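Here is the structure we will look at, set down as structure tokens.
Quick caveat: nothing in here was measured; it's all calculated off a predicted structure. Throughout, protein chains are lettered first and strands after them, A, B, ... in sequence-line order, and every chain is numbered starting at 1.
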There are 2 protein chains.
Amino acid sequence: MSLTHAILASLDFQPMTGYDLKKFFDVSVSHFWTTTQSHIYKALDDLEKEGWITGELIVQEGRPNRKVYRLTESGRAELRRWLTTPLPPAPVREAWLIQLFFSHASTDEEIIALLEARGRMIRDILETYETQTQSAVPADLPPGRERAQALWRMTLDYGIAFYEFELEWNQRMLERVRNLPPQSDSHHA
Amino acid sequence: MSLTHAILASLDFQPMTGYDLKKFFDVSVSHFWTTTQSHIYKALDDLEKEGWITGELIVQEGRPNRKVYRLTESGRAELRRWLTTPLPPAPVREAWLIQLFFSHASTDEEIIALLEARGRMIRDILETYETQTQSAVPADLPPGRERAQALWRMTLDYGIAFYEFELEWNQRMLERVRNLPPQSDSHHA
DNA sequence: AAATTCATGTAATAAGTTACATGATTCC
DNA sequence: GGAATCATGTAACTTATTACATGAATTT
């Protein structure tokens, strides 16, 4: 699982609570990996049982107590192992290709409408993505963080490159739909 | 959910059992959508409760009985509605970008090794993908299926285009890693 | 003789989302 | 005065995977 390792990696930056982690994920990896509060607290439990992190209760007045987690030695080792072990590429899983695959009974116009709607949505995402990217990576990172910053940019660029690819493919398919063989009358029994 | 609608669309082709559906998915949409037996049987139950399909028990001798499902009128309507409703693009969810994002403590060589391993794996997938594509789409589809066949090809091409994109991006990132800012000694507390 | 196909399903577990609950404090 | 922040969690549900069970018939 990746969430657990994202947590390990984050805690290696600095000790944090579940609440801190959620905020950190939201401003850092949320472009390619989203998660929820509940899931984070569950993962923290699992990680502690595994012995990779330890939690320390910080009692507070006026506001809820905090439970600050930090890496253990075995947690740091596990993180290092995971960070240098190539993950197998995740299989393509695109629900909307199911629509395309089964559209033989739709008219050309309906398929074109589907593709165009998708094109518009991807263009929207790209636009917000590109404006966000400017502000997302803090320009004034503390010294010694340039390396992390450069990697951060690389992951942001993946998102842009991916949606640009999607847009190109969308364009190409629009042309192909115009040369689609016609529907057969005999299709439906 | 998409599995249920993939089932609806398949049953519109012809009535089938859960077993048939699994085989059909394996040779058709498995390039971009995989599923399991158990999940299919569960989805069939749900679809029947929803009133979109009806099952008919076919008693057999010598081998297990079959439960053949077919679309109802409301099922056909739901299928049509779904097929013409644009799905919102799924957010990017790439576990391995987590690795890249948190690799600031790794050496350049380690990051390069990660990228190169990934490049090799993608190249492998592309190779098998391209040979499979030749044989996957039956060339001698019954007349009137040319339209379905053309759509099939489009979805197969998506897979190829996607992995080619991944490979390109991989290449570009390898160049960028060679210009990464160095690690800071002060990183670890 | 052993493996595979046919065909159903259950059980267990993992991964992930949504909604709810609490209660003081601080910001608008 | 109302909303948002801080900070924990539980509960219910959905989605998906893995493993197991059955038992005749067919293929290797």
Reading 5' to 3' through nucleotides 16-22 of chain C, protein heavy-atom contacts under 4.0 Å coded B for base, S for sugar-phosphate only, - for none: BBBB---

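If you chain together ILVMFWY residues whose side-chain heavy atoms come under 4.5 Å of each other, B/Met121 ends up in a group of its own.
The CG atom of A/Leu44 sits 8 Å away from the P atom of D/dG9 (whole-angstrom rounding). Atom NZ of B/Lys23 is separated from atom P of C/dT4 by 16 Å (rounded to the nearest Å). Rounded to an integer number of Å, the gap from NZ of A/Lys22 to P of D/dG9 is 16 Å. Rounded to whole Å, the distance from CZ on B/Phe25 to C1' on D/dA16 is 15 Å. The separation between A/Met16 atom CE and D/dT8 atom C1' is 17 Å, rounded to whole Å. In this structure, A/Lys42 places its NZ atom 17 Å from P of D/dT8, rounding to the nearest Å. One atom, CZ of B/Phe24, and another, C1' of C/dA7, lie 19 Å apart when rounded to the nearest Å. Rounded to a whole Å, the OH atom of A/Tyr69 is 12 Å from the C1' atom of D/dA7.
Counting only residues at least two apart or in different chains, ring-ring contact (aromatic ring centres under 6.0 Å, His included) contacts with residues 61-82 of chain A comprise A/His5-A/Trp82. Within the structure, the side-chain hydrogen bond (donor to acceptor under 3.5 Å, both in side chains) test picks out the following pairs touching residues 15-30 of chain B (sequence neighbours left out): B/Thr17-B/Asp20, B/Asp20-B/Arg66, B/Lys22-B/Asp26. Among pairs with a residue in residues 35-45 of chain A, those fulfilling side-chain hydrogen bond (donor to acceptor under 3.5 Å, both in side chains) read A/Lys42-A/Asp46, at least two apart in sequence or across chains.
For A/Glu56, the side chain to side chain contact (heavy atoms under 4.5 Å, CB included) test picks out A/Ile58, A/Arg70, with sequence neighbours left out. Here B/Glu164 pairs with B/Leu126, B/Glu130, B/Ile160 under the side chain to side chain contact (heavy atoms under 4.5 Å, CB included) rule; sequence neighbours left out. With sequence neighbours excluded, the residues forming a side chain to side chain contact (heavy atoms under 4.5 Å, CB included) with B/Leu97 are A/Phe32, A/Thr155, A/Tyr158, B/Glu94, B/Leu100, B/Trp169, listed by chain and number. The side chain to side chain contact (heavy atoms under 4.5 Å, CB included) test applied to A/Arg80 returns B/Glu110, not counting sequence neighbours. In terms of the side-chain hydrogen bond (donor to acceptor under 3.5 Å, both in side chains) criterion, B/Arg63 has no residue partners (sequence neighbours excluded).
Look at B/Tyr19 and you'll find a side-chain N or O under 4.0 angstrom from OP1 or OP2 of C/dC6. Close to D/dG9, at under 4.0 Å from its OP1 or OP2, lies no side-chain N or O of A/Tyr41.
Within the helix from C/dA1-D/dT28 to C/dC28-D/dG1, the inter-axis angle between the opening and closing five-pair segments is 40°, rounded to 10°.
A heavy atom lying under 4.0 Å from DNA chain C marks the following residues of residues 59-68 of chain B, by number: B/Gln60, B/Arg63, B/Pro64, B/Asn65, B/Arg66, B/Lys67.
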Chi angles and distances behind the side-chain contact (heavy atoms from CB on, under 4.5 Å) call for A/Trp52, A/Glu73: CA-CA 7 Å; A/Trp52 290 338; A/Glu73 264 320 298; over 6 Å; no

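Hydrophobic clustering of Ile, Leu, Val, Met, Phe, Trp and Tyr side chains at less than 4.5 Å, counting indirect connections, keeps A/Phe101 apart from A/Leu114.
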